[in-house]
Amino acid sequence: MKKTILKSILVAFIATTSLISCSSDPINSNENDRALRTPPPGLAEFYFMEGGAFTWSTVSNPYAVNSLKTVIGNSGGSLNRIEIKLTSLAVGTYNVGTLNKLIYKKPFVASTWNGKSGKINITFNSAGVISGNYDISGTGIAGVSSVKGYFNNITINP
């Protein structure tokens with residue numbers, strides 16, 4: 001009887017610890033994966049990664065300007081800036097080229113990086129906010145061959 005009770009306790013303990021220790025949350029094991037945490041509802045986010053980097057960088061005050069058809073990520077004044085200039089802010093895919101551009105200004109670097117090829121996707125535009133992602137190859141700053149990233153819940157100014 002004592003063995004039966006001990007076995008029952010052991011089985012219950014193993015079952016409980018295996019249920020508690022197992023998690024269905026994904027593990028971010030690839031540096032190219034999008035950051036797993038989403039922002040609180042309504043808060044804007046703008047992340048980018050230079051080609052070859054292992055971590056995402058962010059800007060503190062992203063916004064969009066409807067009249068300029070531009071999404072802007074700024075941090076530290078104009079020291080760190082990404083400008084996405086498009087023919088429209090409507091949902092869709094835009095090929096980078098003469099009309100659709102991505103410009104990257106890196107802190108304390110005199111030259112400007114210009115996107116030459118790639119795609120910018122606007123995935124959401126409604127109720128005065130815009131979301132999307134981009135993956136661009138370009139030139140202009142030594143050691144930076146590509147810039148990719150995403151933005152969510154960015155306020156669109158007139």
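Here the structure is a predicted model, which is why all the values come from computation and not from measurement.
Transitive grouping of hydrophobic side chains (ILVMFWY, heavy atoms separated by less than 4.5 Å) keeps I154 and M49 in distinct clusters. Under a hydrophobic-cluster definition in which Ile, Leu, Val, Met, Phe, Trp and Tyr are linked whenever side-chain heavy atoms come within less than 4.5 Å, directly or via other members, Y63 and I156 are assigned to different clusters. Linking Ile, Leu, Val, Met, Phe, Trp and Tyr whenever their side-chain heavy atoms come within less than 4.5 Å leaves L89 and Y150 in two separate clusters.
Looking only at distances, no side-chain donor or acceptor of T112 sits under 3.5 Å from a matching main-chain atom of K105.
Considering only residues two or more places apart in sequence or on other chains, S111 meets the side-chain contact (heavy atoms from CB on, under 4.5 Å) condition with V109, I141. Residues that satisfy the salt bridge (charged side-chain N to carboxylate O under 4.0 Å, His left out) test with E50, not counting sequence neighbours, are K106. The side-chain contact (heavy atoms from CB on, under 4.5 Å) check on T87 picks up Y94, L99, N100, with sequence neighbours excluded. Taking Y134 as the reference, nothing meets the ring-ring contact (aromatic ring centres under 6.0 Å, His included) condition, with sequence neighbours excluded. Scanning for side-chain contact (heavy atoms from CB on, under 4.5 Å) contacts around V129 gives F124, with sequence neighbours left out. When the side-chain contact (heavy atoms from CB on, under 4.5 Å) test is applied to S57, the partners found at least two apart in sequence or on another chain are F48. When the salt bridge (charged side-chain N to carboxylate O under 4.0 Å, His left out) test is applied to K85, the partners found at least two apart in sequence or on another chain are E83.
Annotation: side-chain hydrogen bond (donor to acceptor under 3.5 Å, both in side chains) contacts involving residues 116-129, sequence neighbours excluded, comprise T93-N121, N95-K119, N121-N133. Each salt bridge (Lys or Arg N to Asp or Glu O under 4.0 Å) pair with one or both residues in residues 125-143, not counting sequence neighbours, would appear here, but there are none.
Distance check, rounded to the nearest 0.5 Å: CG of L86 to NZ of K69 gives 10.0 Å.
Annotation: side chain of V59 is not in contact with side chain of I82 (no heavy-atom distance under 4.5 Å). Two residues are said to be in side-chain contact when any heavy atoms from C-beta on lie closer than 4.5 Å; F151 and I84 meet this criterion. Within the 4.5 Å cutoff, the side chain of N74 has no heavy atoms near those of the F46 side chain.
Residues P158 and S67 come closest through the heavy atom pair O-OG, 3.5 Å. In terms of heavy atoms, A64 sits closest to I130 at CB-CG2, 4.1 Å. In terms of heavy atoms, L68 sits closest to T70 at O-OG1, 2.8 Å.
By the 30° and 60° cut-offs, the orientation of the rings of W56 relative to Y47 is perpendicular.
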For R81 and I72: C-alpha separation, side-chain torsions, deciding distance, then whether side chain to side chain contact (heavy atoms under 4.5 Å, CB included) applies. CA-CA 7 Å; R81 182 178 179 98; I72 300 169; 3.6 Å; yes
